[in-house]
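Working notes, beginning with the structure itself.
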There are 2 protein chains.
Amino acid sequence: MTLSNAEEQLMQLLWKKERAIMKDLVEAYPEPKPATTTVATLLKRMQDKNFVDYKQIGRSREYFPLVKKKDYFSKHVNGLIKNFFNNSPSQFASFFTEETNLSKKELEELKALIDSEIKKK
Amino acid sequence: MTLSNAEEQLMQLLWKKERAIMKDLVEAYPEPKPATTTVATLLKRMQDKNFVDYKQIGRSREYFPLVKKKDYFSKHVNGLIKNFFNNSPSQFASFFTEETNLSKKELEELKALIDSEIKKK
DNA sequence: ATTTTAATTCTACAAATGTAGAGGATAGAT
DNA sequence: ATCTATCCTCTACATTTGTAGAATTAAAAT
């Protein structure tokens, strides 16, 4: 099960807010904001797909994500790695390092980080 | 313009082959192979989207990608970075390093690579 | 109590996507 | 010259996606 684009966009809003009621969500959209019913439809579809759930709070529902952003994201990246790098994360990593414009400072930081990862092993 | 899933899958085949005629493409699919017409439809849509073109070779067409895998891929990753990391490649990088299960050896290699990138700056 | 506001569900519909048959064109085999 | 294997275009259709109106409900404001 995957989220469609529109659903994913909404999911991003929900991740940012952690939990939110309809109104908050609609308002969180940049202009042009969608109709409330549109968001409602998306939310319902996302519930069917088990990506969100809600808790009845008084008169309205407080929606919250059932999937952690990190996990969702991981799946994405792994998909990319599988499709583009023959399932080799290290190939991906080197590609990424070469192609992305990290500043010298960022590279240094990344290196330090990798160092600490190495120590963990 | 983006490729749909089915289109992207076909694109992967095309990138692998560099150039290919219909038959090759259909055969390159894993089972169950799609109908020739299905592939034809996808190819046409991909032409409309300017992702592939072809060269008439004798009786049939030799299709080839108009977009480099690298570029296409970059766009994807940048999209991810934008959506998930607030547009910060370095945040992405650290997440990636922590979350992906690179072996010690892979990490060492990556470190070396980063070093050489640093030197370039 | 009545009006207003917010939320929810149902229904709808256009566009995009996934998939493929029918029919036509043509190059190569016989 | 005819048949056969390929490929292409056109057409079609079910599913998914993006979007939202209509109707309903319920709570909040007056």
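All values derive from a computational prediction rather than experimental measurement. The figures here come from the full heavy-atom set of this structure, side chains too, leaving out hydrogens, waters and symmetry mates.
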> Taking W15(A) for the side chain and L10(A) for the main chain, is one N or O donor matched with an acceptor at less than 3.5 Å?
Replying inline: no
>> L66(B): which residues meet the side chain to side chain contact (heavy atoms under 4.5 Å, CB included) condition with it, sequence neighbours left out?
In response: N50(B), D53(B), F64(B)
>> For Y29(A) and Q9(A): C-alpha separation, side-chain torsions, deciding distance, then whether side chain to side chain contact (heavy atoms under 4.5 Å, CB included) applies.
In response: CA-CA 9 Å; Y29(A) 272 88; Q9(A) 189 190 6; 3.9 Å; yes
>> List the residues meeting side chain to side chain contact (heavy atoms under 4.5 Å, CB included) with Q56(A), not counting sequence neighbours, and say none if there are none.
In response: Y54(A), R61(A)
>> Pick the closest DNA chain C nucleotide for Q47(A) and for L3(B) by heavy atoms, then say which residue is nearer the 5' end.
In response: Q47(A)
>> Just checking D71(B): does its CG atom have more than 12 heavy atoms from other residues, nucleotides or ligands closer to it than 6.0 angstrom?
In response: yes
Every protein N/O within reach of nucleotides 27-30 of chain C N/O, cut-off under 3.5 Å:
none

>> What is the separation between atom CG on N5(A) and atom P on dT17(C), rounded to the nearest whole Å?
In response: 9 Å
> Heavy-atom contacts under 4.0 Å between residues 61-69 of chain B and DNA chain D, which residues?
Replying inline: R61(B), Y63(B)
Throw together a table of side-chain donor-acceptor distances under 3.5 angstrom for residues 74-82 of chain A, partners on residues two or more places apart or in other chains.
from	atom 1	to	atom 2	distance (Å)
S74(A)	OG	K70(A)	O	3.2
H76(A)	NE2	Y72(A)	OH	3.4
N78(A)	ND2	S74(A)	O	3.2

>> Counting only heavy atoms and a strict 4.0 angstrom limit, can you tell me which residues of residues 30-46 of chain B come near DNA chain D?
In response: T37(B), A40(B), K44(B)
> Within this structure, what is the CD-to-C1' distance between E7(B) and dA16(C), rounded to whole angstrom?
Replying inline: 9 Å
For residues 37-44 of chain A, dump all side-chain donor-acceptor pairs below 3.5 Å to protein atoms at least two apart in sequence or in another chain.
from	atom 1	to	atom 2	distance (Å)
T41(A)	OG1	T37(A)	O	2.9

> Which pairs pass salt bridge (Lys or Arg N to Asp or Glu O under 4.0 Å) with one or both residues in residues 29-42 of chain A, sequence neighbours excluded?
Replying inline: E31(A)-K33(A)
Would you list the atom pairs, donor with acceptor, under 3.5 Å between side chains in residues 20-28 of chain A and any protein atom, with sequence neighbours excluded?
from	atom 1	to	atom 2	distance (Å)
D24(A)	OD2	I21(A)	N	3.4

> Along DNA chain D, 5' to 3', what are the outermost nucleotides having an atom less than 4.0 Å from a heavy atom of chain B?
Replying inline: dT6(D) to dT9(D)
> When the nearest nucleotide of DNA chain D is assigned to Q56(B) and to T2(A) on a heavy-atom basis, which residue is associated with the more 5' position?
Replying inline: Q56(B)
> In terms of the angle between their ring planes, are F73(A) and F84(B) parallel, tilted or perpendicular, with boundaries placed at 30° and 60°?
Replying inline: tilted
>> Heavy atoms within less than 4.0 Å of DNA chain D: which residues of residues 10-29 of chain A have one? Give them sorted by number.
In response: none
> Any idea which heavy atoms bring S94(B) and L110(A) closest together, and the distance?
Replying inline: N-CD1, 4.2 Å
> Going by the angle between their ring planes, with limits at 30° and 60°, are F92(A) and F85(A) parallel, tilted or perpendicular?
Replying inline: perpendicular
> Under the side chain to side chain contact (heavy atoms under 4.5 Å, CB included) test, which residues partner E117(B), sequence neighbours left out?
Replying inline: T97(A), E98(A), L107(A), K120(B)
>> Please evaluate residues R19(B) and E62(B) with respect to the criterion salt bridge (Lys or Arg N to Asp or Glu O under 4.0 Å), reporting the C-alpha separation (whole Å), side-chain torsions for both, the decisive distance (0.1 Å), and the verdict.
In response: CA-CA 6 Å; R19(B) 19 188 69 242; E62(B) 201 177 52; 2.5 Å; yes
> Picking from R45(B), Q12(B), K49(B), what satisfies side chain to side chain donor-acceptor pair (under 3.5 Å) with E7(B)?
Replying inline: K49(B)
